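These numbers come from the heavy atoms of this one structure, side chains and all, not from hydrogens, waters or symmetry mates. Every value quoted in this text rests on a predicted model; they were computed, and no experiment measured them. Order of the sequence lines fixes the chain letters, A, B, ..., with proteins taken first and strands second; residue numbering starts at 1 for each chain.
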Amino acid sequence: MAGPELLLDSSIRLWVVLPIVFITFFVGILRHYVTQLIHNDKKVDLQQVSDSQVLLRSRILRENGKYLPKQSFAMRKHYFNNPDTGFFKKVKRKVIPKNPMTDPSTLTDMMKGNLTNVLPMILIGGWINWAFSGFVTTKVPFPLTLRFKPMLQRGIELISLDASWVSSASWYFLNVFGLRSMYTLILGQDNAADQSRIMQDQMTGAAMAMPPDPNKAFKSEWEALEIVEHKWALENVEEELMCQDLNFRGLFI
Amino acid sequence: MRKINIESTLYSQLIIDDENKLVIKFQPKTNVFLYCISEMRDKLRKWREENYRNSEQIVDVGEELINEHASKLGDDIWIIYEQVMIAALDCSRDDLAWSCLQELKRQFPDSHRVKRLAGMRLEALERYEDANKLYDSILQDDPTNTAARKRKISILRAQGKSSEAIRELNEYLEQFVGDQEAWHELSELYINEHDYAKAAFCLEELMMTNPHNHLYCEQYAEVKYTQGGLENLELARKYFAQALKLNNRNMRALFGLYMSASHIAASPKVSAKVKKDNVKYAAWATSQISRAYQLQHLPAGVMLTSLALSISSKTPYTTAASAGVAVVIEIHGRRQT
């Protein structure tokens, strides 16, 4: 049940909504350049690169092994999984747990990350909350439950107000995530103003840098490879090929 | 006069006219006339992304872009410098290569990428010791730099030391198992050394990572066919068929299918059923080949093919027959590559 339609003062639009958008946008761009300035290249370890490529190869063997002759597949599987001399059985990497307190490079990276991303967000969020408080800023187009009220309506002490009417702080946070595609448009892909990508990066742990424990990765890959059977895709390829004439369209200009 | 381009280079064309005579026509070097900067830029980008090696064209277009329109290119100019420099090294345009290198050095003084280009220039001048020292210095700085390692291997190859090149490339591949360019290079080196078993292994790696590439299937089948022996011929036939399945127009694979099937059929130690099957495959391949020629109304070609096929079906091992088929493959092979 949508509550009574409130009519907001149009100066709210002029002096609150638009300024918040601009502030968020420019702070994002500033963050991008600052990050680029204080960024230093990640040193990639040769061992890690090599290991990640080996894991990739094993995965491809599992997926596309059916295109190889049985002998070749068996040879490669044996190379990886042989109980005595197989790669995944034999190779144990020394894992140095990267203690964030003692390892200086990770410490500085973490600090830089915090400084450029979390700190501005907190500061500006707090400032907006202080500066633009006490009134309703905008309405989200979908109905929300009452649980959202304390979160989205900071500073507005109205019990009967619909939860869809939000304060300026929530408008700010909406902008932070919403302007991501704008940053992609203006700064190109892979820009440092992109907050959600940073969170994504922390979660995946892509093909370039290994997860801190290669031994675990090896073990899971070994298990996956053990259970794969070779079902040759080329068993009946001639029959399949010859059931119809070849399509020569475009062979000669 | 109906033109059928069998082969055309920038300078001459082989044409078959209406009386089915083979005519060679010489044409002046048709330059690619592009009138505006964006067209030239797009062409360069397309050549760069698809790894074309038309160095003369790149030098022509790139030189004009650099000399006339440098200011309007913006930041693109650096990658164009790199592209043009490599093309200039191919065409022995040392002056152009040097000037590109100077510009890049000025802009990116400490870059490994630029150092590699400097090394390539030294290689082009055959100063292999200096090039090696340069690459070693890059590797000291950054042990994971694959480009420098691959250049060192190419130096060995250029000097003709193929066994050392093979050894180095093997060591490289032990660390960087995913580098497909390197696997392909290794397979070529092994083929040159006639070590077909190892070449087949390399091609298997490539097939595994690119299962839908018909060219790798076809190369693998050819290596297996060259190795000889009944199981290898069977494998070759299967992979020729797979290459055809992936790309119906691969004439080399079609001829390979015919050759391997007829070889198996003619072999004395096969069972009757296998022989029958292979004769069927060979007959199918023949019918497809004649269909392809008929599509082009090329009676000369049909005669040549049917002559070669009739000879080879009677005595598959005669060199004349293989030569006949080889000529036809040659004509079609150029079309495919």
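- At a threshold of 4.0 Å, the pair B:Lys238-B:Glu234 does not count as salt-bridged, since none of the basic side-chain nitrogens sits closer than that to a carboxylate oxygen.
- Of the charged side-chain nitrogens involved, none lies within less than 4.0 Å of a carboxylate oxygen, so that B:Arg149 and B:Glu168 do not count as a salt-bridged pair.
- Contact annotation for B:Leu244: both backbone and side-chain heavy atoms come within less than 4.5 Å of a heavy atom of chain A.
- Salt-bridge formation is detected for the pair A:Glu238/B:Arg237: a Lys NZ or Arg NE/NH1/NH2 atom is positioned less than 4.0 Å from an Asp or Glu carboxylate oxygen.
- Panel note: side chain A:Trp232, backbone A:Leu68; a donor-acceptor pair is recorded below 3.5 Å.
- By the 30° and 60° cut-offs, the orientation of the rings of A:Phe218 relative to A:Phe88 is tilted.
- Of the listed residues (A:Asn247, A:Asn64, A:Leu234, A:Leu46), the greatest number of heavy-atom pairs within a distance under 4.5 Å of chain B belongs to A:Leu234.
- Only the backbone of A:Glu235 comes within contact range of chain B, judged by heavy atoms closer than 4.5 Å.
- Taking B:Glu205, B:Lys245, B:Glu174, B:Met207 one by one and counting their heavy-atom pairs under 4.5 Å with chain A, the maximum is reached by B:Glu205.
- Heavy atoms closer than 4.5 Å to chain B are found in the side chain of A:Glu239, but not in its backbone.
- Between chain B and the residues A:Val54, A:Asp245, A:Ile60, A:Val237, the largest count of heavy-atom pairs under 4.5 Å involves A:Asp245.
- Ion pairing between a basic and an acidic side chain is recognised when a charged N comes within 4.0 Å of a carboxylate O; B:Glu185 and B:Lys150 show no such pairing.
- Using a 4.5 Å cut-off between heavy atoms, B:Phe201 touches chain A through backbone and side chain atoms alike.
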